[in-house]
Amino acid sequence: MRAGARQWAGLGLLALPTVLLGLDVTVLYLVAPSMAVDLDPSGTQLLWIMDAYGFFIAGLLITMGTLGDRIGRRRLLMIGMVAFAAASVLAAFAPTAELLILARALLGVAGATLMPSTLSLISNMFPEARERAVAIGVWATMFALGMAAGPIVGGLLVDAFWWGAAFLLAVPIAVVVLVGARALLPEYADRAAGRLDLVSVGLSLASILPVIYAIKHLAVEGVSGQSVLFVVVGIVAGAAFVRRQRHLTDPLLDVSLFGSRAFTVALLVLLIGLVGVGGSMYLVTQYLQLVEGLTPFTAGLWMGPPALAMFAAAVGAPVLARRIRPGYLMGATLGLSLVGYGLLATAGLDDETAVAIGFAFIYLGLGAIAALGTDIVVGAAPASKSGSAASMSETVQELGIAVGVALLGSLTTAIYRSQVSVPEGLSPESSAALEDSLGAALAGDLPAGTVESARLAFTTGLNAAALVAGLAIAAATVLCLHMLRNVPRLGQDQGDKVNV
């Protein structure tokens, strides 16, 4: 097998766990109702079932990315695949809500080993800048496509089998990856790296987990003393973490990378971009199903064209970046995505076509920044630290999704609550109360006049959330055009590069 063919075959193999990770982010969107009937979780337990996966992925990405640099990225990928498959089986057959929460947490831990392993292996397999950028574009597309397909796959499997079947997809994927890994994937480890600093691991968890918990708490109960306390704890732990990294010979995270303006700004753009996309995706899927009354499968079909737009941008942007500087290209596509936020901000009832077109523009922007922004971040690090750099890219993207769902979802819920009375006896959690009350209205369990007002109230909330997200994306557009303008075109000679 030619070396080039082996590289691309290896990329195809790495696409499998990447799609799987994206699926598990959103697969419970349509699985949750059926699962709730069997396990009867409380409102708090339901939130943990939904959130534990992303919670632990985000908290452990930095640690696992650095661990892969030390023990070998292929080895960590294989260990993670076995763990992910085992946790998936536990989730599929969990007899209680408590065990399902545990399984989802274990899936998050295993997922944290897979994400940086796949991305850092790509950086080893494709050392040439042009090919690496295209490969990263494919990687970013597979994760986003997995997220887009999650609700559809979950809905189809629940209809055909039972809610646990959605988790069992991990088993055949794990078998294929484990069989093909040794033949198609190179091993890489930084043999000169020292031992993993457990104090740094603890501080990284203490800086990330409380902040994520505070964001999710904010989405449920609004600003409170508890959420503020967790943010303060996270900030203090983060400051201690950075200080310790500066004095370690082999730090968990090389904070000197933040001395690169391109690295830092690219991370910030990824964060802002995923806030907009994460919140918008959640609200658009709710709009199509709850407001327009579409079935899960039909709603999934409406999400197909946006996914194609994202795929085209993620694969095409690295090719265009050979002639156009990445900063200008990212800024231009984000500028186009503002058209999408504008369409969502002005959508009304029975406007699924405008909403789908709007989300296609939003996904267009995501495809470009995910491919080029991630390439800038990973390319800024030496080969021995690419796992650490990859983990930073993924951490900010996971954080962006969490912030987007929490903040934009909370804004929509607040507007909805101001216009529609939530019936007594429904779950007090914001998202559950919104879905339960709107669902009850559409099912005819509430007075007829409530149906139209509920649909209109949610749509008004979607409009406001899109406007806020659009303003943030406009700021990210300016950042790209101004702060990343000196990032060289892909493939430009090192001697021609501008210090960024």
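Note that the coordinates shown come from a computational prediction; the quantities given were computed from them, not determined experimentally. Index from 1, following the sequence.
Between P306 and F359 the shortest heavy-atom distance is CB-CD2, 3.7 Å. In this structure, A465 and L408 approach most closely via the heavy-atom pair O-CD2, 3.7 Å. Across all their heavy atoms, L61 and P116 have their closest contact at CD2-CD, 3.6 Å. Considering every non-hydrogen atom in both N486 and R325, the closest pair reads O-NH1, 3.2 Å. Between M81 and P17, the closest heavy-atom pair is SD-CB, 3.7 Å. Among all heavy-atom pairs drawn from A313 and A368, the shortest one is CB-N, 3.9 Å.
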For a quick test of your reading: what N or O donor-acceptor pairs under 3.5 Å do the side chains of residues 265-272 make, sequence neighbours left out?
none

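R489 is not listed as a side-chain neighbour of Y328, based on a closest heavy-atom distance of 4.5 Å or more. When side chains are defined from C-beta on, V211 does not count as touching F230, because their heavy atoms never get closer than 4.5 Å. A heavy-atom distance below 4.5 Å is found between the side chains of M115 and I57. Using a 4.5 Å heavy-atom threshold, the side chains of W302 and T353 count as touching. The closest side-chain heavy-atom distance from I357 to L343 is below 4.5 Å. Side chains of L107 and F167 form a contact here, defined as non-hydrogen atoms less than 4.5 Å apart. Side-chain contact between V291 and T459 is present, with heavy atoms from C-beta onward closer than 4.5 Å. Within the 4.5 Å cutoff, no side-chain heavy atoms of F84 are placed close to those of V177.
One N or O on the side chain of S260 and one on the backbone of F263 form a donor-acceptor pair closer than 3.5 Å. Of the possible donor and acceptor atoms, none in the side chain of R73 sits under 3.5 Å from a partner among the backbone N and O of T118. The main-chain N or O of E352 is never found under 3.5 Å from a side-chain atom of E292 such that the two would form a donor-acceptor pair. Looking at S280, its side chain never comes within 3.5 Å of a backbone N or O of V277 through a donor-acceptor pair. Without hydrogens or angle criteria, N124 side chain to Y188 main chain gives no donor-acceptor distance under 3.5 Å. Between the T285 side chain and the Y282 main chain, a donor and an acceptor come within less than 3.5 Å of each other. In this structure a side-chain-to-backbone donor-acceptor pair under 3.5 Å is missing from Q397 to L274. Put simply, the side chain of D351 gets close to the backbone of G348: a donor and an acceptor are under 3.5 Å apart. Of the possible donor and acceptor atoms, none in the side chain of S337 sits under 3.5 Å from a partner among the backbone N and O of F361. Under a 3.5 Å cut-off, the side chain of R323 and the backbone N or O of L320 do not form any donor-acceptor pair.
Rounded to the nearest 0.5 Å, atoms CG (L336) and CD1 (I362) are 12.0 Å apart. Separation of atoms CD1 (I173) and CG (L23) is listed at 7.0 Å; rounding is to 0.5 Å. Rounding to the nearest 0.5 angstrom, the gap separating the CE atom in M64 from the CD1 atom in I79 is 9.5 Å. Between L329 atom CG and C480 atom SG the span is 10.0 Å, to the nearest 0.5 Å. Rounding to the nearest 0.5 Å places OG1 of T346 at 14.5 Å from OH of Y341. We find the OG1-CG distance between T333 and L338 to be 10.0 Å, quoted to the nearest 0.5 Å.
Looking only at atom types and distance, the side chain of R244 has no donor-acceptor partner in the side chain of H247 under 3.5 Å away.
Counting heavy-atom neighbours within 6.0 Å of F126 CZ, excluding the residue itself, gives a total above 12.
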Please assess F458 against I415 for the test side-chain contact (heavy atoms from CB on, under 4.5 Å), listing each intermediate value before the final yes or no. CA-CA 8 Å; F458 182 92; I415 293 173; over 6 Å; no
With side-chain contact (heavy atoms from CB on, under 4.5 Å) as the criterion, how do M125 and L185 come out once you've worked through the C-alpha distance, each side chain's angles and the decisive distance to 0.1 Å? CA-CA 8 Å; M125 294 162 58; L185 303 178; 4.0 Å; yes
Working for side-chain contact (heavy atoms from CB on, under 4.5 Å), residues L14 and I122: CA-CA 8 Å; L14 291 176; I122 287 174; 3.8 Å; yes
side-chain contact (heavy atoms from CB on, under 4.5 Å) between T113 and L60, worked out: CA-CA 8 Å; T113 70; L60 289 167; over 6 Å; no
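Every residue two or more places apart in sequence or in another chain was checked for a side-chain hydrogen bond (donor to acceptor under 3.5 Å, both in side chains) with R74, and none qualifies.
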